[in-house]
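To find a chain, count down the sequence lines: A is the first, B the second, and so on, and within it residues start at 1. Every value quoted in this text rests on a predicted model; they were computed, and no experiment measured them.
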Number of protein chains: 2
Amino acid sequence: MKELILQSLRQERQISGEELGRKLNISRTAVWKHINELRSQGYQINSSPRVGYSLVKSTELLLPEEIQLDLNTQIMGKQVEHYNEVSSTQDIAAEMARSGTAEGTIIIAEMQKTGRGRRGRRWVSPPGGGIYFSLILRPNLKPFQAMQIPLIAGVAVTKAIKATVPLQPEIKWPNDIIICHKKVGGILTEMSSEIDVINHIVLGIGLNVNIPGSLLAEQTAGIATSLIHEYGEKVSRVKLIQCFLYEFESIYRKYLASGFKAIREEWMANSHTMGARVRVNDRGREFEGKAFDLDNDGFLWVRRDSGDVSRIVSGDVSFCN
Amino acid sequence: MKELILQSLRQERQISGEELGRKLNISRTAVWKHINELRSQGYQINSSPRVGYSLVKSTELLLPEEIQLDLNTQIMGKQVEHYNEVSSTQDIAAEMARSGTAEGTIIIAEMQKTGRGRRGRRWVSPPGGGIYFSLILRPNLKPFQAMQIPLIAGVAVTKAIKATVPLQPEIKWPNDIIICHKKVGGILTEMSSEIDVINHIVLGIGLNVNIPGSLLAEQTAGIATSLIHEYGEKVSRVKLIQCFLYEFESIYRKYLASGFKAIREEWMANSHTMGARVRVNDRGREFEGKAFDLDNDGFLWVRRDSGDVSRIVSGDVSFCN
């Protein structure tokens, strides 16, 4: 009912409580209750005795009604679960995935108490300006192919950012989105599998959108930035998520149909990694070299100073410049 | 306290309630309550007014006290959770693993309502005669190596069976334990991972020990058998689990230290698969050939009738004979 009232408010510049009630076949008191509920969710709705209600401003929250408004996808985001505060959207999504929730479902939170990045590292997730969501995927892939998912997600994230704001984000292999060498987003891929079958993947995306640069500088020792800090103006979180869902669905389909080789070029075009001097730390084993290729499986190739080349299957890559 | 009473009963042929109470510093009434609790768990304890209590027979249940009695391991089975009835030990173990439960913990059930095998297939788990347990592992491996875990578990299962009962079980690649071409056990490996780090593995073992052959014949369309059916006598489930935990710990350590190549020979020696004519069905793609090798990664090599050889990464193998 709330959604229908919102729909009416969007269609009409102004509409009286009486008319709304008649249209939806509910009492004026019920209309009033729903209006108040919408207000409590952050919608600014004016009411005047003569002309009735009018929607002045949508909510700032990432509510399902907002995400799904004119969302142009078939699968991604067709189910949206929104929370004001969670421990971690990854945990909720994993739980839902285990109990059979459909592919494409996303779990969004305004803030995370224990948001995490790879290997249990903390992901700073303050309220109000970040995007923190987890997407449930059920690809018909072998477990070893799962490492390609964060790569294609990286392409979708950079495209979505570019479509929303005039900035040039780049992908840092395997899972970071950076602007001017600072982290603006991260991708976490967690999988449940048998030895040869993927049960589900939970793809987590964290993006620093409207988080003040000063807060990030303080909490991440200067390694992170945000879109608002780089661009200077507030960025629509809803539009960014919608763009991501659209771009990701498109690239995910292409990937499932034609494999990672079909995505490789696009990844290279959006990547910061090629040609860069990198330091590779694979749990203790450390070396430096120049990243010179990404192969059709999604692995990074690094040429060491000695001339030897290494295929990086795992490990952390840091940039020397 | 219950464990201490059990210990005393095992040490002494007979002991009075008064003496037990004095030894453990509890009242005779408290002793009597614990004795009754032990009886309700299946321990046969005689009591006579003059001589006191005596343990006639241990429980038939797979209780922690039984499993851990003289268990000769460092990690495996040091924590045992026992249930009379569960949906699936895999689900409970996964939940515990997520909340940080230590490596080596096992979850045992007398029966499973929805016991499962690979790819969501049902695993018949009637009460009274089966072994159904899940073991939590936290190996420092890459996710793609996880497929080697069921192989080394297969070796441990066959060795444990041989140590307990004079039968000749064999491993069918990748995850079945068979006797005379019939399934007597199965291994299910479920993993939670990031793209390059394993969070945990839950290794599930199902063994048909004292389940009547007729029941299995009926419920599995003749493809399964049990140890009691093959051997003709009841087999100690406790001893079998203890042997498994010991053998598995030993082989798991060797594997982590030296890789799968250190286990390969032993696997080959216990396998039914080498030289066998097999039909491979990998989600639709089907072909026949002869299994002729297992490589150092744990993959099966099959020579097709055309002469081509294939490395079987995934898929179901059935035996043509």
Restricting to side chain to side chain donor-acceptor pair (under 3.5 Å), what partner residues turn up for [X], sequence neighbours left out?
X	result
A:T114	none
B:R304	B:S310
A:E103	A:Y252

Reported [atom1]-to-[atom2] distance for the pair [X] and [Y], which is rounded to 0.5 angstrom:
X	Y	atom1	atom2	answer
A:E194	B:L188	CD	CG	5.0 Å
A:E190	B:S192	CD	OG	6.5 Å
A:I195	B:Q145	CD1	CD	14.0 Å

Interchain contact, A:I149 with chain B, by part (heavy-atom threshold 4.5 Å): neither
Is there side-chain contact between B:R118 and A:V197, with at least one heavy-atom pair below 4.5 Å? no
Counting heavy-atom pairs under 4.5 Å to chain A, which of B:P143, B:P150, B:S193 comes out on top? B:S193
Name, in order of residue number, those residues of residues 81-99 of chain A that have a heavy atom at a distance of less than 4.5 Å from a heavy atom in chain B; otherwise write 'none'. A:E95, A:R98
